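All remarks here apply to the structure that follows.
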Amino acid sequence: MAARAYWQGQIRLALVSIPVEIYTATKSGAQISFHQIHEPSGKRIKYEKVAPGVGAVEPDEIVKGFEVEKGEYVLLEQDEIDAVKLESKKTLELTQFVDLDEIDVLYFERPYFVVPADDLAEEAFIVLREALKRTRKVGLGQLAMRGREYVVSLKPCGRGMVLETLRYADEVNKAQGYFRDIPDSAPDPELLGLAETLIEKKVAKFDPREFHDRYVDALHDLIERKKKAKGRKIIEDKDDGKESRGSNVVDLMAALKKSLEKPGAKTSRAVKTKPAAKAPAKKRG
C-alpha cells in the first residue's frame with residue numbers, strides 16, 4: 001500500500017510553480033505503552049467526556065470553543081475552521097534563501113520528504129533542487145498543515161528534497177538565561193589537548209543503526225521476567241547514588257590521561273603542555 005501524502009500543493013518561486021507532495025520522513029520507534037489498571041479488579045481505567053451538571057456526552061454534541069471571558073465561549077464548527085482562507089494551505093512560496101548554518105539547531109522541528117507530484121513537475125523540481133545544491137542555500141517560506149501555519153526550510157536530499165518545520169522565535173527559550181553563569185575563560189592547554197586527542201580517537205562515520213533504545217529493551221526484559229514471576233515484585237539492584245565526578249583540575253587531568261591509556265588509543269598527536277607559572281618575585285624591604 002502506497003504511503004499517503006501528508007500535504008499536497010505547490011512550491012512557488014517567483015512565477016514558477018511546482019506541484020509537489022510531502023510525506024512524513026520519520027516514524028515512531030519501538031515503544032512500551034502502559035495502561036492504567038484498577039489493581040483490585042484488574043480492569044482497565046477508562047475516561048468519559050462529561051459536562052458538569054449533564055454527565056456523559058456524545059461525540060457529535062462536542063464543538064470547539066474559544067474562551068473570551070471566564071465561562072463564556074465563542075463556538076466554532078469544524079467546517080468554519082476549515083474554511084479559513086490562507087494561501088499557504090496549498091502554496092509554499094519561497095520568500096528567502098539563507099546558508100544552512102545561519103539557522104540555529106534549536107529551531108528545527110520535524111522533517112518531511114518532498115517529491116514532484118507528477119511527471120510534468122519533475123523538470124522544474126530538479127532545477128530547483130540542483131540550484132539549491134550549487135548555491136548551498138536553504139529556501140524559507142510558510143506552509144499551513146493540519147490546522148497550523150509553519151515556518152519551513154527546504155533543502156536538497158539525494159534525488160529529492162527535505163522540508164523541515166521550524167519553531168517560531170517565541171517558541172524557543174533564549175540560551176543566555178541558561179549559559180550566563182558559565183565562565184568565559186580559556187581552558188588549560190594541556191587539558192584541551194588531551195580532550196582533543198580523546199575525541200579524535202573516537203571519530204567515526206555516523207551510522208544510525210549502531211544505536212537503539214536500550215530502555216525499551218530493558219522494559220521488555222522486565223515484562224518477560226514479571227510474567228515468569230507470576231506477579232512477584234521485581235526490583236533491579238540500585239547503585240549507591242554516588243556520582244563519579246571530578247571536583248578539580250587534578251581529577252580531570254587524571255581521568256583524561258587514563259582514558260587515553262586504554263588499548264588502541266591514538267597517542268601520536270602531540271599534546272602541548274602549559275608552562276608552569278612563575279612565582280612572583282618577593283620585594284625586599
Side-chain angles (χ1 to χ4, degrees), residues 1-31 64 76-172 204-213 216:
M1 181 177 176
R4 184 178 177 182
Y6 193 83
W7 183 89
Q8 292 176 306
Q10 57 186 2
I11 295 174
R12 189 163 66 206
L13 176 60
L15 298 178
V16 179
S17 293
I18 310 169
V20 297
E21 295 178 343
I22 292 175
Y23 297 85
T24 53
T26 58
K27 59 184 178 181
S28 298
Q31 295 180 351
K64 293 183 178 180
L76 295 170
E77 300 286 346
Q78 187 58 49
D79 56 355
E80 293 178 306
I81 297 173
D82 294 339
V84 171
K85 294 187 181 298
L86 201 61
E87 187 178 4
S88 57
K89 279 186 174 183
K90 289 296 180 184
T91 302
L92 165 59
E93 183 168 4
L94 299 177
T95 57
Q96 186 180 357
F97 294 88
V98 300
D99 294 330
L100 179 59
D101 57 11
E102 284 186 44
I103 306 174
D104 194 299
V105 293
L106 292 173
Y107 287 93
F108 289 102
E109 190 173 37
R110 183 172 296 176
Y112 296 86
F113 294 133
V114 184
V115 300
D118 51 44
D119 294 345
L120 296 176
E122 286 181 356
E123 183 178 17
F125 182 93
I126 292 170
V127 169
L128 176 58
R129 182 196 68 198
E130 292 305 305
L132 289 172
K133 280 184 182 179
R134 290 193 183 190
T135 58
R136 298 181 180 273
K137 298 295 182 183
V138 177
L140 295 179
Q142 287 184 274
L143 178 66
M145 295 188 294
R146 305 292 171 93
R148 185 184 172 190
E149 188 175 50
Y150 296 89
V151 179
V152 299
S153 68
L154 184 71
K155 62 184 177 182
C157 179
R159 295 183 183 180
M161 290 190 279
V162 164
L163 175 146
E164 290 183 85
T165 56
L166 305 177
R167 297 179 176 90
Y168 286 98
D170 60 1
E171 295 178 304
V172 177
K205 288 186 177 180
F206 173 63
D207 183 357
R209 294 170 297 182
E210 294 291 325
F211 301 89
H212 62 97
D213 193 329
V216 169

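Keep in mind that this is a model prediction, so the values were computed, not measured.
- A side chain to side chain donor-acceptor pair (under 3.5 Å) with S88 is found for one member of E93, E149, Q142 and no other, namely E149.
- Between the side chain of K89 and the backbone N or O of G147, no donor-acceptor pair lies under 3.5 Å.
- Heavy-atom minimum distance, P111 versus T26: CG-CG2, 3.7 Å.
- Scanning all heavy atoms of the two residues, the minimum distance from L166 to E109 falls at O-OE1, 4.4 Å.
- At a threshold of 4.5 Å between non-hydrogen side-chain atoms, the residues Y6 and R146 count as touching.
- Taking a cutoff of 4.0 Å between a charged side-chain nitrogen and a carboxylate oxygen, R136 and D99 do not qualify as a salt bridge.
- Looking at R12, its side chain never comes within 3.5 Å of a backbone N or O of L94 through a donor-acceptor pair.
- Residues L128 and I126 fail the side-chain proximity criterion, which asks for heavy atoms closer than 4.5 Å.
- Pairing each heavy atom of V162 with each of F113, the nearest pair is CG2-CD2, 4.1 Å.
- The number of heavy atoms from other shown groups lying within 6.0 Å of NZ (K133) is above 12.
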From CA spacing to verdict: salt bridge (charged side-chain N to carboxylate O under 4.0 Å, His left out), E171, R148: CA-CA 14 Å; E171 295 178 304; R148 185 184 172 190; 2.6 Å; yes

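- In the model, Y23 has a side-chain atom that pairs as donor or acceptor with a side-chain atom of E21 under 3.5 Å.
- Smallest separation of non-hydrogen atoms from T91 and W7: N-CZ2, 3.9 Å.
- Side-chain N/O atoms of K90 and Q10 include no donor and acceptor closer than 3.5 Å.
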